[in-house]
Protein chains: 2
Amino acid sequence: MIQAKAQPLLEYINRFVTLTHEEETIVLSSVKYRKYLKGQYIVQQGDVCKYSSFILSGCTKTFYVDDKGQEHIIMFAIEDWWTSDIGSFITQSSADYNVQCLEETETIQFSYYGQEELLKKVPKLERLFRMMLERAFVASQKRIVRNFSLTAKEQYLHFKEQYPEIEQRIPQYMIASYLGITKEFLSKIKSELASE
Amino acid sequence: MIQAKAQPLLEYINRFVTLTHEEETIVLSSVKYRKYLKGQYIVQQGDVCKYSSFILSGCTKTFYVDDKGQEHIIMFAIEDWWTSDIGSFITQSSADYNVQCLEETETIQFSYYGQEELLKKVPKLERLFRMMLERAFVASQKRIVRNFSLTAKEQYLHFKEQYPEIEQRIPQYMIASYLGITKEFLSKIKSELASE
DNA sequence: AAATAATGTTAAACTAGATTAACTTTTATT
DNA sequence: AATAAAAGTTAATCTAGTTTAACATTATTT
């Protein structure tokens with residue numbers, strides 16, 4: 001039953017490493033399919049992040065609530081992306097972030113121990129995760145650089161250009177939070193851009 | 001000859017994966033020792049980053065020069081840390097960042113092709129790199145969150161607490177650049193802290 | 001020991017973006 | 001269709017951090 005659902009995951013994996021049919025079977029036997037409703041949490045700040053989730057459909061936001069009660073969106077994730085609180089997942093300690101579904105969201109999930117077992121059986125996947133993390137780390141560093149070197153307007157234009165699909169699907173006030181600005185200021189930026 | 005120098009690298013690796021004596025020999029045969037003088041560049045913006053460098057002694061800064069000619073420090077690295085422009089290294093395309101030595105710096109270097117070969121011979125090291133990247137990515141995400149949720153003063157205090165050794169060794173204006181503030185404002189923060 | 005370069009400080013004027021608050025538009029619920 | 005809730009806008013006031021510029025201190029070189 002999971003075979004049918006998990007096709008996009010296998011395709012994703014095969015972009016990095018080539019799996020035999022047997023290895024694909026092992027992968028599928030160590031993951032679970034799970035569907036969340038809009039508004040549900042995949043991870044909650046304070047809990048241990050038990051799963052690393054590959055998104056089949058839908059959309060999530062990862063956010064942090066600071067001491068002053070302010071919400072800061074760290075990332076969005078859509079089809080073919082992964083989401084989790086990696087820090088919590090790899091150490092199995094309590095999560096710093098929340099991952100919440102912004103739409104009905106279908107996932108394929110790797111549990112921490114399931115993934116460890118899987119890596120023993122198919123060590124080739126270490127390479128997959130290594131490569132995924134390289135990309136994630138590079139993207140994260142670039143975001144830091146943009147924060148320091150671009151104005152809010154430039155960052156917004158970059159976001160629109162880099163993630164047009166996400167920009168369409170998500171309320172503006174969440175994009176403002178992702179960019180680290182207020183919704184009022186984003187609104188001002190948009191009206192400036194409109195009159196240019 | 002490299003055996004004597006490379007001891008800290010082997011110790012570092014063994015914190016993540018256990019290598020046989022044979023595997024250690026393979027590792028050593030695929031790396032090079034190189035010493036840089038203060039001021040020399042390990043990587044230059046625009047060049048292809050040929051090496052991933054493990055630091056035996058010394059200190060480096062990784063920085064980006066933006067369109068307006070402004071320098072933004074992305075990271076420092078000292079003994080037992082790795083440095084490179086990963087984005088450039090993994091794709092062997094031109095680097096976005098510079099890595100410059102702030103002191104005389106001794107390194108052990110993995111070339112791109114050397115590392116690929118090494119990973120074929122000792123696939124166990126995929127796990128090492130995967131784990132290193134997990135940590136690097138988590139740290140990078142946390143830095144983004146701090147940028148968004150802390151004031152400049154709070155970020156400076158966090159830096160001092162997290163990297164006391166680095167804070168001692170490096171001019172204040174570079175710390176200001178790392179924190180994304182001006183040296184004048186850091187100076188003000190310090191005088192406020194002093195009079196508290 | 002002087003001279004120069006590098007680093008750090010202080011303070012006044014300025015600006016990007018935050019805050020507050022009132023209002024409009026869109027979307028979902030009954 | 002009416003109501004409520006969620007999302008977005010506008011504008012005035014405010015503030016954290018920047019800019020500019022002059023000066024002070026500490027290293028480095030001759």
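Keep in mind that the numbers below use all heavy atoms, side chains included, and drop hydrogens, waters and symmetry copies. The structure presented is a predicted model; accordingly, all values stated were derived computationally and were not measured. Order of the sequence lines sets the chain letters (A, B, ...), proteins ahead of strands, with each chain counted from 1.
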Return the [atom1] to [atom2] distance between [X] and [Y], rounded to the nearest 0.5 Å.
X      : Y      : atom1 : atom2 : result
B:K124 : A:E126 : NZ    : CD    : 12.0 Å
A:L125 : A:E23  : CG    : CD    : 7.5 Å
B:S52  : B:I90  : OG    : CD1   : 11.0 Å
A:F129 : B:L133 : CZ    : CG    : 13.5 Å

- Message: With heavy-atom distances below 4.5 Å as the criterion, would you say the side chains of B:V43 and B:Y97 are in contact?
- Response: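 The answer is no; the side chains never approach within 4.5 Å.
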
- Task: Using a 4.5 Å cut-off on heavy atoms from C-beta on, say whether the side chain of B:T62 contacts that of B:D85.
- Result: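 Answer no - side chains too far apart.
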
- Query: Linking I/L/V/M/F/W/Y whenever any side-chain heavy atoms sit under 4.5 Å apart, do B:I144 and A:M174 land together?
  - Reply: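 No: no chain of side-chain contacts under 4.5 Å links B:I144 to A:M174.
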
- Single-linkage hydrophobic cluster B:L119~B:L128, side-chain heavy atoms < 4.5 angstrom: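 Linked within one cluster.
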
- Task: State whether the number of non-hydrogen atoms from other residues, nucleotides or ligands found under 6.0 Å of A:K153 atom NZ is greater than 12.
- Result: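 Yes.
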
- Flag if over 12 foreign heavy atoms under 6.0 Å of CD, B:E192: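 Check passes, neighbour count above 12.
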
- Item | Residue-level proximity of residues 146-155 of chain A to DNA chain C when a heavy atom falls under 4.0 Å |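 Here the set is A:T151, A:A152.
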
- Task: Pull out every residue in residues 97-105 of chain B that has a heavy atom closer than 4.0 Å to any atom of DNA chain C, ordered by number, or say none.
- Result: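 DNA chain C contact set from residues 97-105 of chain B: none.
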
- The single option from A:K5, A:R34, A:K32 passing salt bridge (Lys or Arg N to Asp or Glu O under 4.0 Å) against A:E106: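 When A:K5, A:R34, A:K32 are each tested with A:E106, the salt bridge (Lys or Arg N to Asp or Glu O under 4.0 Å) holds only for A:K5.
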
- Task: Find the bend of the helix from C:dA1-D:dT30 to C:dT30-D:dA1 as the angle between its two terminal axes (five pairs each), to the nearest 10°.
- Result: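 Between the first-five-pair axis and the last-five-pair axis there is 50°.
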
Tell me yes or no: between the side chains of [X] and [Y], is some donor less than 3.5 Å from an acceptor?
X      : Y      : result
B:E79  : B:S57  : no
B:Q141 : A:S140 : no
B:E71  : B:N98  : no

- Message: On the six-membered ring of A:F159, is A:R146 placed so that its NZ or CZ lies under 6.0 angstrom from the centre and within 45° of the ring axis?
- Response: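 Checked: cation-pi criterion not met.
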
- Item | Span of DNA chain C, from the first to the last nucleotide whose atoms fall under 4.0 Å of chain A heavy atoms |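 First-to-last contact on DNA chain C, by the 4.0 Å heavy-atom rule, is C:dG17 to C:dA21.
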
- Query: Picking from A:W82, A:Y51, A:Y113, A:Y112, what satisfies ring-ring contact (aromatic ring centres under 6.0 Å, His included) with A:F89?
  - Reply: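 Only one option passes, and that is A:Y112.
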
- Message: Name the residue from A:W81, A:Y178, A:Y163 that meets the ring-ring contact (aromatic ring centres under 6.0 Å, His included) definition with A:F76.
- Response: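 Only one option passes, and that is A:Y178.
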
- Heavy-atom contacts under 4.0 Å between residues 161-174 of chain B and DNA chain D, which residues?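 Output list: empty, so none.
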
- Query: When you check every protein heavy atom under 4.0 Å of nucleotides 18-30 of chain D, what one-letter string (B, S, -) results, 5' to 3'?
  - Reply: BBBB---------

